[in-house]
Each structure stands twice: as C-alpha cells, then as structure tokens.
Amino acid sequence: MMKSTSRNWQHMSSYFPGLENLHKTGFTFAKSWWFGRAQTDHDPRFATLMRNSVLPILKTLALVSLTTIVYFVIDSYGLLNFVPVVYMIPVVIAATRWGTLPAIVASVASFLTSDYFFYPPYYSFVMENAQEVVDLLIFLFAALVVSNLATRLRGELDASHARETELSNLYTFSRRLAACFTAPDLVVAIQEHLSTILGRQAVLILGTAGGDHETTTLRSLPQSIKQEAARLTASTSSQSHVIIDPATHRAWLIISVSTGSADHGVIAVDLGPNSSKTIDGIKRRVEVVLSEAVTRLKRLDLAKAMDDAQFREQADRFKEALMGAVSHDLRTPLATILGSVTVLEQIPAIRDNDRSRSLLAAVFDEAKQLDNNLQNLLNATRITTQGIHPRCEWIDPADIVNAAIKQRSHRLADHSLTVNIDRNLPLLKVDTTLIEQAFGQLLENAAKYSKAGSTINVSVEARQDRIVFSVFDCGIGLTPEDAQQLFKRAYRSPRHVETISGSGLGLWIANTFVTANGGTLEITSRGAGLGTAASIRLPVTRDELAELQDVMDE
Amino acid sequence: MNKLNNAVLVVDDEPKIRRFLRAAYELRGFLVREAESAAEGLKSTTFAPPDLIILDLRLPDLSGSAVLERIRSWSNVPIIMLSIESNEAEKVRLLKLGADDYVVKPFGIAELLARSDAALRRYFRAVPKDPVVKAGRLKVDLASRVVTLNDERLQLTRKEYKLLHVLSSHLGLVVTHQQLIKEIWSTRHEENVQYLRILVRKLRQKIEDDPSNPRMLVTESGVGYRLEPGSNEYPPSLCAATG
C-alpha cells in the first residue's frame with residue numbers, strides 16, 4: 001500500500017515541482033510525532049522545515065480567510081453575485097511569495113471555502129447544482145495552472161536577480177583586478193571575490209616562491225589549517241579535504257587548485273561551526289561555486305597576470321639592487337678622485353704652480369662631469385619602474401634656479417649668464433629634486449650646444465596661473481626634424497651626434513620629471529643656428545598666498 | 001708643536017678616502033686618527049675622545065647612523081656624516097639623530113672643511129666668549145639681539161630675528177625645516193613649510209645684496225637652510241678654545 005502511494009506521489013510531483021516537499025514534510029512531521037518531541041529539538045532541519053514550509057501555509061490560509069471575510073462584508077450589502085475568481089488573488093499571492101505548496105493549499109482551501117460558504121446549501125460541503133460543481137472544478141483547475149505559472153515566473157525573476165548580482169560581483173572584481181599591480185594585490189582581490197560569492201570567508205594560498213605573500217588574512221588562519229594547506233600545496237594531485245580546526249571548532253574545506261602555471265594553489269573556505277549533518281550539503285554547494293569561479297578565473301588568464309606581476313616585482317627588486325650597487329661602486333672611486341684633487345689644490349707648492357693647478361682643475365672638471373652623468377643615469381632608472389612618485393613640498397622658485405645654476409656652475413663657466421627672477425613669485429608645490437634636475441638639464445643643453453663665450457639668459461616669471469622657467473641660448477638651435485623627435489628617449493640630432501657627446505637621455509628624463517609634477521616642457525627654436533628657447537611651465541594655486549601673509553605678521 | 005691641536009677621528013672603510021682626509025686635516029693642523037669599522041670607531045671615541053668625528057654612513061659592521069646614535073647617547077662631540085646617498089629624507093633623518101651636518105660623496109674638500117670648522121665653532125661656543133656672529137657684512141649679537149648690516153642697524157620683526165638667531169647659532173651648519181619651524185612658531189604649524197619659505201624670502205630681502213641670488217642665507221634643497229659665513233671667517237687652524 002505504501003509503495004504504490006509513494007509511486008503515485010512521484011508521478012504527480014513530476015508535474016508539480018515542489019510536491020515532493022509535501023511528501024517529505026508530511027513524512028518528517030509524522031516521524032517526529034512518532035519518535036517523540038525530544039529528538040526534534042536537536043534537529044535543525046526540523047526548525048527550518050517549520051519556518052520554510054508550515055508558516056507560509058498558515059499565512060496562506062489566513063489570506064483565504066481574509067478574502068472570505070471581506071466577501072461576507074460586501075455581500076451583506078447585497079451587491080454581488082459570488083464569483084470564485086476572487087479567490088485567485090490569494091492563490092497568486094501565495095504562488096509568487098511562498099511557492100508551489102502554499103499555492104496548491106490556497107487553491108484547495110478556496111475551493112472548499114467557496115463550496116461551504118457560498119454555494120447552496122450554505123454551510124455544507126454538499127452541492128445541489130451539478131452545473132455549479134463543474135464551475136467550481138474549473139475554478140480549481142484554473143487556480144492550479146495559474147499558480148504553477150506564477151511560481152515559474154517568480155522563479156525566473158529570482159534567477160534573473162541572481163544573475164544580476166553575479167554580474168555585478170564580476171564587474172566589481174574585474175575593476176579591482178585592473179587596479180592590481182603586484183601578486184599580493186591579486187591574491188587579496190581573488191580572495192575577496194570568492195568570499196563575496198560564497199558568502200563565507202575564503203583564503204587563497206599560493207605555493208609559489210611568494211612565501212612572502214603573507215596577507216593579513218593568511219595570518220589569521222588557524223594553525224592546523226595552515227599546516228594542512230601547506231601539505232596540499234606540496235602534493236601535486238588535485239584534492240579536497242574537510243578539516244575541523246580543534247581550536248575554534250569550525251570546519252574548513254581545503255581544496256587545491258591549479259593556477260595554470262607550474263604553481264599549485266590552495267583555497268581554504270570557512271564552512272561554519274562543525275556539525276556533520278549540514279557540512280556535506282554546504283561542502284557540495286561550495287565546491288560547485290568554487291569550480292565555476294576557478295574556471296572563470298582561468299579564463300581571465302589570471303595565471304598570466306600573476307606571473308607578470310611577480311616578474312615585475314622581481315625586476316624592480318633587481319633594479320633597485322643594481323642601482324644601489326652601481327651608485328656605490330661608481331661613486332666611491334669618484335669620491336676618492338674628487339676629494340684627493342681638491343686636497344692637492346690646497347697644498348701650497350701645488351697651488352702656487354700654474355701648470356699643476358690647471359692640470360688639477362681639468363681632473364676636477366672631468367670628475368664632476370662623470371658625477372653628473374652618473375646622476376643622469378640613476379635618474380633614468382628612477383623613471384622606468386612603476387612611474388615616478390613625486391614627493392611634493394612648497395618651494396620658492398628662485399631656490400630651484402639657484403640650486404640648478406650652482407650645480408652646473410662648471411658647465412656654465414665658459415658662458416656669460418644673466419638671471420632675471422621676478423620678485424614676489426608665488427610658491428610652488430612640487431618635487432624639488434625632480435624640477436631642479438629638469439631645469440639643470442636645460443642649462444646643460446644651453447651650455448653644451450652653444451659656443452664658448454656666448455650668452456645664456458635665465459628667467460623666471462609668473463604668467464596667469466603658471467610659473468615659467470626659461471633658458472635662452474644663442475646656440476645651434478633646432479631643425480624641424482629635431483623639434484619633433486626631441487623628447488624621445490635616446491634621440492640625438494644627426495647634426496652633432498658625431499661631434500658632441502651625449503646619451504640623448506637628458507630631455508626625455510627632464511620631460512618625464514616635469515610632467516610628473518603636472519607641468520609642461522616646451523622647447524622652440526627659430527631654426528638651425530638661431531638659438532633655442534626652453535621653458536618649464538608649472539601650475540600654481542594662488543589661494544594659499546593671502547592666508548600666508550596673515551600668519552607672517554603675527 | 002701645539003699641544004692644543006684639535007683631534008679628528010675619521011671613520012670610513014675605504015683606505016683611499018681616509019688617505020685624502022688625513023692629508024686635508026693634517027694640512028689644517030689637526031691630529032688625525034683613523035678607524036675602518038664601527039667597532040674601531042666607537043672604541044677610539046671612548047678611549048681617546050676626539051674633538052671632531054667624520055663618520056661614513058656605510059660601514060662594514062654597523063650602519064653609520066647606528067654609530068651616530070650610540071655616540072650621541074653620551075657625547076655632544078661634533079659629527080659630520082659622509083653620506084653617499086643624496087636622498088633628502090635620509091639627510092633629514094641623520095640631522096634629527098644628532099649629526100651636525102653632512103656632505104654627499106663625491107665632495108670637494110673645501111666643503112667638508114668649511115662644515116667641520118662651523119661644527120667646531122658651534123661646539124666651543126658652548127662656553128660663550130663672543131656672542132657676536134659674523135657672516136660676511138652681517139653681524140648678529142645673540143645676547144643683545146642686535147643685528148647690523150654694514151654696521152647699520154637692521155629692523156627685523158620678531159619672527160625674522162628668531163630665524164636669523166637660530167641660523168646664526170648654527171653658523172655654517174644646515175638647520176632642518178622642522179627645527180626652524182619648531183623654534184619660530186608653535187607646533188601648530190609644524191607641517192607648513194610654506195610659512196618658512198615666505199619668511200626666508202622676507203629676511204633675504206633685508207640682508208642680501210641680491211635677494212633672488214642669496215649668498216648668505218642659502219637653501220639646502222629638501223632639507224633646510226644654512227647661513228654661510230663670509231670667506232674671511234676662517235683662521236688657518238682652529239685651536240681648542242678651552243683654557
């Protein structure tokens with residue numbers, strides 16, 4: 001008897017999804033009564049079953065009753081003929097809000113209520129009129145069909161919301177990815193994405209040489225989890241384990257993933273407080289979502305991005321180490337040369353001898369030149385890593401010019417220099433070192449590319465919202481071809497590439513420094529042999545100045 | 001033979017650098033001691049206290065700044081750092097740790113000697129014999145607070161004088177922005193270098209021949225300011241003023 005009933009239920013439930021829930025609900029309910037209440041208190045499934053199944057049914061019945069009462073009230077004014085269609089309202093509400101089962105309950109309840117209250121003989125389940133029985137049965141059929149459709153519609157709406165959330169998560173994630181430069185950044189971004197879509201804490205552990213990728217989440221992992229994760233990263237097979245951390249009594253799922261390169265990674269997901277009955281269900285869901293996510297990540301070619309980021313980091317570190325070594329190894333001998341030469345110049349016997357003094361002056365000049373070239377090279381390396389980070393501070397424009405002139409004083413020694421600096425120039429907020437270097441480069445070029453003895457003019461003026469630093473020389477000028485290529489790295493004009501030494505880096509460096517400070521570098525010439533005008537324009541914020549005057553006079 | 005010759009300790013791991021430094025200071029009449037490591041330097045400072053220390057930042061066993069800190073914990077002896085970086089933040093840090101000044105390698109010896117003299121002068125001024133500081137044609141009387149330029153009295157505002165006072169008491173040595181701001185204003189304005197810049201500009205307009213090309217009140221980019229003494233300030237050898 002039981003078997004055939006069960007088969008019948010299964011047959012019917014294929015037409016009415018959710019009907020099997022009724023089967024299970026009834027069964028569990030019966031079981032609980034049979035085995036006594038004591039057991040049900042410990043079973044969390046019962047509580048959720050109560051919440052999910054029984055409560056909506058009660059609410060549905062309440063709605064049906066409400067409709068009945070309303071109808072009675074209206075009917076007492078003798079206004080309407082009874083139409084069972086009015087009960088469609090609670091049926092559709094139940095279908096869209098609570099699902100198939102409450103909708104079916106609503107349909108049946110409406111059917112019974114109409115029969116009892118509104119068809120003669122009133123207050124009985126018997127019906128006299130055969131036509132009315134057919135009407136009511138048609139209503140019941142229609143109600144069931146409508147509720148099915150409404151439930152399906154609701155289901156699709158939910159699915160579309162879920163897709164929308166999923167898309168929005170992906171969008172946030174990809175924006176986040178775009179902002180990642182380093183491998184740890186990527187790890188954190190992936191972790192956050194996984195945690196969002198799983199609704200649980202997820203930690204990504206990479207088994208790469210990035211053992212120094214200790215994000216803060218990694219540090220907060222329980223020790224036993226870390227150990228298990230480490231063990232899994234070492235093994236190359238793809239596995240998943242559920243580990244219970246003895247300290248916090250939470251279950252964790254450790255699953256190993258392949259990142260597409262030779263590296264192996266491990267994802268650890270916090271499944272929640274340990275309770276073996278629910279863990280399996282959660283674990284399965286998590287695994288499904290995770291495998292989807294990992295596939296997606298693979299498609300985004302994150303493995304490559306990770307590798308690139310790590311490579312960039314290594315390249316940066318290497319470059320810094322190289323810079324440090326070069327700086328020290330080249331500067332120390334230079335220091336010895338320069339220091340010794342300047343001491344020699346102090347010895348009376350040498351100082352008073354013209355020949356030795358002039359020889360020493362030559363050594364000094366060349367050593368200084370070497371130092372400048374070294375500085376240029378080091379500046380260039382400062383640029384090619386992730387861009388420059390200017391350290392801005394308030395400075396007096398006159399200071400920049402004077403420092404640059406002093407630094408290149410040897411270069412400028414053969415020229416006559418005129419300097420015109422406006423009084424009361426506003427202060428600038430820029431990186432002093434960068435602008436000094438850039439301006440110094442302009443001075444150097446002016447000296448290098450014009451004849452000994454010619455004039456070089458320096459001027460600093462305020463124009464509208466900018467301060468303009470200019471260097472004018474009467475040297476070899478620029479051809480139109482030169483003007484176009486001037487700021488290219490390592491460009492040297494064909495006119496003097498043989499005769500005047502240089503790396504071609506200078507203006508490229510200067511331009512990068514100036515633009516990093518929000519300014520512009522412009523170099524113009526009226527033509528070959530007609531001199532050059534080079535200027536750096538930097539923006540000014542004037543509002544601060546007035547405020548400053550007050551503080552001054554305190 | 002002057003028994004009161006100043007003793008200078010040179011701490012640098014490069015023998016060639018020690019060689020020209022020895023030559024330079026001996027020409028000036030100093031007694032020169034050498035140390036090639038932090039340990040040796042500390043030992044020498046403890047057992048044969050010098051009047052001046054020239055300390056390199058890069059030493060084989062301990063960093064120069066660590067040595068600086070240790071010495072400063074018991075002694076005020078003038079210390080000039082030899083720093084191979086031209087990193088401004090590093091310079092400010094060394095000054096904050098107690099260095100009197102620094103030179104960046106490679107350097108000309110004149111610069112180092114000028115700063116050594118300035119540091120020694122400041123150290124020996126601890127026993128005030130002459131409160132008047134001379135920088136070119138500028139004279140600052142630190143006691144009576146009278147400032148004259150070309151023997152004519154200058155009118156300075158309270159803050160302008162304070163700025164000059166601090167720079168004069170460190171004549172020839174660099175003073176950091178932070179230190180100047182702290183001495184001149186209250187700590188409210190600690191981060192506001194622009195106030196200092198404007199004040200310096202005003203002071204330059206009063207004391208310099210060409211305010212846009214200052215010779216006395218010189219800017220040390222990214223670090224601070226320095227009041228340069230005129231060239232007639234240095235006697236060829238500086239002897240200990242303690243008597």
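Residue numbers start from 1 in every chain, and the chains themselves are labelled A, B, ... in the order their sequence lines are given, proteins ahead of strands.
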A.B. asks: Stepwise, does the side chain to side chain contact (heavy atoms under 4.5 Å, CB included) test hold for A/L427 with B/I198?
C.D. replies: CA-CA 8 Å; A/L427 298 180; B/I198 300 281; 4.0 Å; yes
A.B. asks: For A/A398 and B/S212, work out which heavy atoms get closest and say how close.
C.D. replies: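 Residues A/A398 and B/S212, closest heavy atoms: CB-O, 4.2 Å.
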A.B. asks: Between B/E14, B/K16, B/R58, which shows the greatest number of heavy-atom pairs under 4.5 Å with chain A?
C.D. replies: B/R58
A.B. asks: In terms of heavy-atom proximity below 4.5 Å to chain A, should B/E160 be classed as side chain, backbone, both, or neither?
C.D. replies: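 When you check distances to chain A, no heavy atom of B/E160 falls under 4.5 Å.
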A.B. asks: Could you tell me which portion of A/E345 (side chain, backbone, both or neither) has an atom closer than 4.5 angstrom to a non-hydrogen atom of chain B?
C.D. replies: neither
A.B. asks: So which atom in A/T342 and which in B/I109 form the shortest heavy-atom distance, rounded to 0.1 Å?
C.D. replies: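 Closest approach of A/T342 to B/I109: OG1-N, 2.9 Å.
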A.B. asks: Need one label for B/Y225: side chain, backbone, both or neither, based on atoms under 4.5 Å from any heavy atom in chain A.
C.D. replies: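 The side chain, not the backbone.
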A.B. asks: Does a side-chain N-to-carboxylate-O contact under 4.0 Å join B/R204 and A/D399?
C.D. replies: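 Yes, this pair counts.
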A.B. asks: Which heavy atom of B/A23 sits nearest a heavy atom of A/V343, and at what distance?
C.D. replies: CB-CG1, 3.9 Å
A.B. asks: Return the CZ to CG distance between B/R215 and A/N402, rounded to the nearest 0.5 Å.
C.D. replies: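 One finds 8.5 Å between CZ of B/R215 and CG of A/N402.
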A.B. asks: Looking at CD1 of A/I395 and OG1 of B/T219, how far apart are the two atoms once the value is rounded to the nearest 0.5 Å?
C.D. replies: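 Here the rounded value is 9.5 Å.
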A.B. asks: Quick one: closest heavy-atom pair of B/G222 and A/E393, and the distance?
C.D. replies: CA-OE2, 3.5 Å
A.B. asks: What parts of residues 332-341 of chain A touch chain B if we use heavy atoms and a cut-off under 4.5 Å?
C.D. replies: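 A/T332, A/L334, A/A335, A/T336, A/L338, A/G339, A/S340, listed by number.
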A.B. asks: So which atom in A/W394 and which in B/Q194 form the shortest heavy-atom distance, rounded to 0.1 Å?
C.D. replies: CD1-OE1, 2.8 Å
A.B. asks: Is the shortest side-chain heavy-atom distance between B/L27 and A/I347 below 4.5 Å?
C.D. replies: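 The answer is yes; the side chains approach within 4.5 Å.
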A.B. asks: Should we say atom CZ of B/R137 is surrounded by more than 12 heavy atoms from elsewhere, each under 6.0 Å from it?
C.D. replies: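 No.
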A.B. asks: Name the option with the most non-hydrogen atom pairs under 4.5 Å to chain B; the candidates are A/V419, A/I421, A/I400.
C.D. replies: A/I421
A.B. asks: Without swapping roles, check the side chain of B/R201 against the backbone of A/L425 for a donor-acceptor pair under 3.5 Å.
C.D. replies: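 Pair found, side chain donor or acceptor close to backbone of A/L425.
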